Asks: 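For reference, the structure I am asking about is given below.
Hydrogens, waters and symmetry mates play no part in the numbers below; they use all other heavy atoms, side chains included. Keep in mind that what you see is a predicted model, and the values were worked out from it rather than measured.
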Amino acid sequence: MITVSDKAQEKVAALRADAGLTDAFRLRASVAGGGCSGLSYKLDFDDEVKPMDQEFEDKGVRVVVDMKSFLYLAGTELDFSDGLNGKGFFFNNPNASRTCGCGESFSV
């Protein structure tokens with residue numbers, strides 16, 4: 001499962017409203033090769049669910065993940081920070097053995 005913090009839920013709702021997106025658009029989380037640690041996180045809105053996607057809902061946020069990415073993201077919490085040390089979404093990923101300083105990439 002992928003969970004969503006309260007701050008991330010608020011930010012997702014604000015982004016969805018700002019973009020004029022309907023509830024048909026889910027938050028798509030994925031992992032791609034790249035970044036200084038080898039794997040990078042990706043977030044986007046998507047209104048399509050593919051046959052092998054995993055779908056989760058937490059705090060009213062529907063999150064879809066392709067099966068390959070789910071292997072890396074199982075048990076992850078999506079959070080949001082607007083503090084002095086950085087602003088944006090970040091992943092509390094129990095599967096990551098190492099992360100880069102910016103938090104945008106990881107390795108397992």
Side-chain angles (χ1 to χ4, degrees):
M1 178 163 188
I2 295 178
T3 57
V4 179
S5 73
D6 291 336
K7 286 195 88 119
Q9 182 273 330
E10 292 169 10
K11 188 62 176 179
V12 167
L15 288 170
R16 184 188 313 266
D18 289 348
L21 300 176
T22 67
D23 287 340
F25 284 83
R26 296 154 180 86
L27 189 64
R28 179 169 293 279
S30 61
V31 172
C36 52
S37 292
L39 298 167
S40 297
Y41 298 110
K42 306 281 185 200
L43 278 177
D44 205 352
F45 288 107
D46 193 351
D47 63 348
E48 181 182 348
V49 178
K50 298 175 180 89
M52 295 299 290
D53 282 346
Q54 301 293 306
E55 186 169 2
F56 307 97
E57 185 169 343
D58 188 36
K59 296 179 180 69
V61 177
R62 293 186 301 168
V63 180
V64 291
V65 183
D66 65 85
M67 188 55 112
K68 182 180 174 187
S69 295
F70 181 65
L71 296 174
Y72 296 106
L73 297 175
T76 295
E77 179 193 43
L78 178 64
D79 202 354
F80 183 80
S81 175
D82 54 4
L84 296 174
N85 291 335
K87 182 175 185 175
F89 288 100
F90 62 94
F91 294 79
N92 294 317
N93 186 345
N95 306 302
S97 62
R98 188 180 70 177
T99 60
C100 66
C102 65
E104 292 181 11
S105 68
F106 69 102
S107 63
V108 290

Asks: Quick check: does any side chain N or O of D66 sit under 3.5 Å from a backbone N or O of S30, one acting as donor and the other as acceptor?
Replies: no

Asks: CG of D47 to CZ of R28: how many Å apart, nearest 0.5 Å?
Replies: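 These two atoms lie 10.0 Å from each other.
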
Asks: Are any side-chain N or O atoms of N93 and backbone N or O atoms of Y72, one a donor and one an acceptor, separated by less than 3.5 Å?
Replies: yes

Asks: Are L71 and L39 grouped together when hydrophobic residues (ILVMFWY) are joined by side-chain heavy atoms under 4.5 angstrom apart?
Replies: no

Asks: Quick one: list whatever passes salt bridge (Lys or Arg N to Asp or Glu O under 4.0 Å) with E77, sequence neighbours left out.
Replies: none

Asks: As a quick check of understanding, evaluate side chain to side chain contact (heavy atoms under 4.5 Å, CB included) for D58 and V63, giving each step before the final call.
Replies: CA-CA 8 Å; D58 188 36; V63 180; over 6 Å; no

Asks: Rounded at 0.5 Å granularity, tell me how far NZ in K50 sits from CE in M67.
Replies: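 That separation rounds to 14.5 Å.
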
Asks: Among residues two or more places apart or on two chains, list those pairs meeting ring-ring contact (aromatic ring centres under 6.0 Å, His included) that have a residue in residues 45-69.
Replies: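 Sorted result for residues 45-69: F56-F70.
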
Asks: If you take all heavy atoms of S81 and F90, which pair is closest and at what distance?
Replies: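 Looking at all heavy atoms of both residues, the closest pair is CB-CE2, 3.5 Å.
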
Asks: Measuring from L43:CG to L15:CG, what's the distance to the nearest 0.5 Å?
Replies: 10.0 Å

Asks: Which atom pair, heavy atoms only, marks the closest approach of A29 to F91?
Replies: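 Residues A29 and F91, closest heavy atoms: CB-CE2, 4.5 Å.
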
Asks: Can you list, by chain and residue number, the hydrophobic cluster partners of V64 when the side-chain cut-off is 4.5 Å?
Replies: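 Its cluster partners, ordered by chain and number, are V49.
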
Asks: Looking at CG of L73 and CD1 of I2, how far apart are the two atoms once the value is rounded to the nearest 0.5 Å?
Replies: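 Reported to 0.5 Å precision, the distance equals 5.0 Å.
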
Asks: Does R26 use its side chain to pair, donor to acceptor, with the backbone of A24 at less than 3.5 Å?
Replies: yes

Asks: A quick test of your reading: do over 12 heavy atoms of other residues, nucleotides or ligands sit less than 6.0 Å from NZ of K59?
Replies: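 Above 12, so yes.
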
Asks: If I compare all heavy atoms of K42 with all of A32, which pair ends up nearest, and what's the gap?
Replies: CE-CB, 3.9 Å

Asks: How far apart are the closest heavy atoms of A74 and P94, and which atoms are they?
Replies: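 That closest heavy-atom pairing would be O-CG, 4.0 Å.
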
Asks: Measuring from L27:CG to R16:CZ, what's the distance to the nearest 0.5 Å?
Replies: 7.5 Å

Asks: Take K7 and D79 through the side chain to side chain contact (heavy atoms under 4.5 Å, CB included) test and state the conclusion after the steps.
Replies: CA-CA 6 Å; K7 286 195 88 119; D79 202 354; 4.2 Å; yes

Asks: Test side chain to side chain contact (heavy atoms under 4.5 Å, CB included) on F89 and V12; report intermediate values, then the result.
Replies: CA-CA 10 Å; F89 288 100; V12 167; 3.9 Å; yes

